[in-house]
Enquirer: 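Quick one: the structure is below, and I'll ask about it shortly.
FYI, side chains are in, hydrogens and waters are out, and symmetry mates aren't considered; it's all heavy atoms of this structure. Just so you know, these numbers come straight off a predicted model, no measurement behind them.
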Amino acid sequence: MIRGGGARLCNRCWQRCPQRPYTRAEHLLAELDDPPNWLWDFTIHVSSRYCPALATRLVSQLGALLRTERRAMPQTLLDRARIPGRSIGSLAKVLEDFFTARGLALPTDQSQRLAAGRRARRVQAVPEPLRPAVAAFERAMLDERGRARRAGTRPRADTTIDK
């Protein structure tokens with residue numbers, strides 16, 4: 001079988017070929033009518049952090065998003081890449097890292113969502129008679145954190161509030 005620019009590679013070697021994500025990105029650049037100018041930098045970003053098979057998969061998933069969202073801004077792509085649930089997904093995580101490092105998009109609120117879910121589960125685990133008091137204490141802690149942020153002092157972290 002001939003893969004990877006004419007070199008004869010078995011499937012196992014092809015999966016590990018470091019050139020594979022770049023080949024996929026070149027094909028994607030040729031397929032898209034108006035590819036974003038950051039696409040090649042994204043390929044370099046994922047190729048330096050992940051194995052070739054995963055990097056190629058991430059570039060392919062981004063390509064599917066770019067085909068459906070023709071002229072999408074980075075923030076829109078980041079929001080569309082998110083999957084519902086406790087994890088935002090591999091592509092959304094990588095896009096968030098890439099876009100926020102370059103100032104192209106704002107970070108997602110995933111950590112706040114996870115913390116809110118943990119707090120809600122913790123309040124529900126408290127016996128019924130104590131639940132209103134625990135919920136009121138949680139609200140007070142969150143209000144205090146908001147005041148600290150506005151005042152520019154050190155706000156309590158989610159882990160402190162959780163404890």
Enquirer: Take D97 and R49, measure what side-chain contact (heavy atoms from CB on, under 4.5 Å) needs, and give me the verdict at the end.
Expert: CA-CA 11 Å; D97 291 343; R49 287 164 177 74; over 6 Å; no
Enquirer: Applying the 4.5 Å side-chain criterion to the ILVMFWY set and letting contacts propagate, would V123 and L142 be lumped into a single cluster?
Expert: no
Enquirer: What pair of heavy atoms forms the shortest contact from A148 to P155, and how long is it?
Expert: CB-CA, 3.7 Å
Enquirer: Count I, L, V, M, F, W, Y as connected when their side-chain heavy atoms are under 4.5 Å apart, and connections chain through other members. Are I83 and L95 then in the same cluster?
Expert: no
Enquirer: Find the distance between CZ (R139) and CZ (R119) and round it off to the nearest 0.5 Å.
Expert: 12.0 Å
Enquirer: I'd like to know if E96 pairs up with K93 as an ion pair, taking the criterion as any Lys NZ or Arg NE/NH1/NH2 lying under 4.0 Å from an Asp or Glu carboxylate oxygen.
Expert: no
Enquirer: CZ/R57 to SG/C51 distance, rounded to the nearest 0.5 angstrom?
Expert: 9.0 Å
Enquirer: Would you check, one step at a time, whether the test side-chain contact (heavy atoms from CB on, under 4.5 Å) holds for R145 with T160?
Expert: CA-CA 11 Å; R145 179 170 66 179; T160 304; over 6 Å; no
Enquirer: Got R102 and P74 here, is their nearest side-chain heavy-atom distance under 4.5 Å?
Expert: no
Enquirer: Looking at every non-hydrogen atom in both residues, tell me the closest pair between T100 and L106 and how far apart they are.
Expert: CG2-C, 3.8 Å
Enquirer: Taking side chain as C-beta onward, heavy atoms only, is P35 less than 4.5 Å from L28?
Expert: no
Enquirer: Does the side chain of V46 come within less than 4.5 Å of F98's, by heavy atoms?
Expert: no
Enquirer: Closest approach of P52 and C17, non-hydrogen atoms and distance?
Expert: CB-O, 3.2 Å
Enquirer: Is atom CZ of R82 surrounded by more than 12 heavy atoms (other residues, nucleotides or ligands) closer than 6.0 Å?
Expert: yes
Enquirer: Drop me the distance from L91's CG to Q61's CD, to the nearest 0.5 angstrom.
Expert: 5.5 Å
Enquirer: Heavy-atom distance under 4.5 Å between the side chains of L104 and L78, does that happen here?
Expert: no
Enquirer: Determine whether L62 and L29 fall in the same hydrophobic cluster, where Ile, Leu, Val, Met, Phe, Trp and Tyr are linked whenever their side-chain heavy atoms lie under 4.5 Å apart.
Expert: yes
Enquirer: To the closest 0.5 Å, what do you measure between CG (L54) and OG (S47)?
Expert: 10.0 Å
Enquirer: So with a 6.0 Å cut-off around CZ of R12, is the heavy-atom count from everything else above 12?
Expert: no
Enquirer: With the 4.5 Å side-chain cut-off for hydrophobic clustering, are V94 and M73 part of the same group?
Expert: no
Enquirer: List the steps, then state whether side-chain contact (heavy atoms from CB on, under 4.5 Å) holds for D158 with L114.
Expert: CA-CA 10 Å; D158 286 323; L114 293 175; over 6 Å; no
Enquirer: Would you call R113 and I88 a side-chain contact if the rule is heavy atoms closer than 4.5 Å?
Expert: no
Enquirer: With side chains defined as the heavy atoms from C-beta onward, is the minimum distance between L77 and L66 less than 4.5 Å?
Expert: yes
Enquirer: Taking the basic N atoms (NZ, or NE/NH1/NH2) and the acidic carboxylate oxygens, is any pair closer than 4.0 Å for E138 and R131?
Expert: no
Enquirer: Just wondering, do Y22 and V59 contact through their side chains at under 4.5 Å, heavy atoms?
Expert: no
Enquirer: Do L32 and W40 belong together in a cluster built from hydrophobic side chains that touch within less than 4.5 Å?
Expert: yes
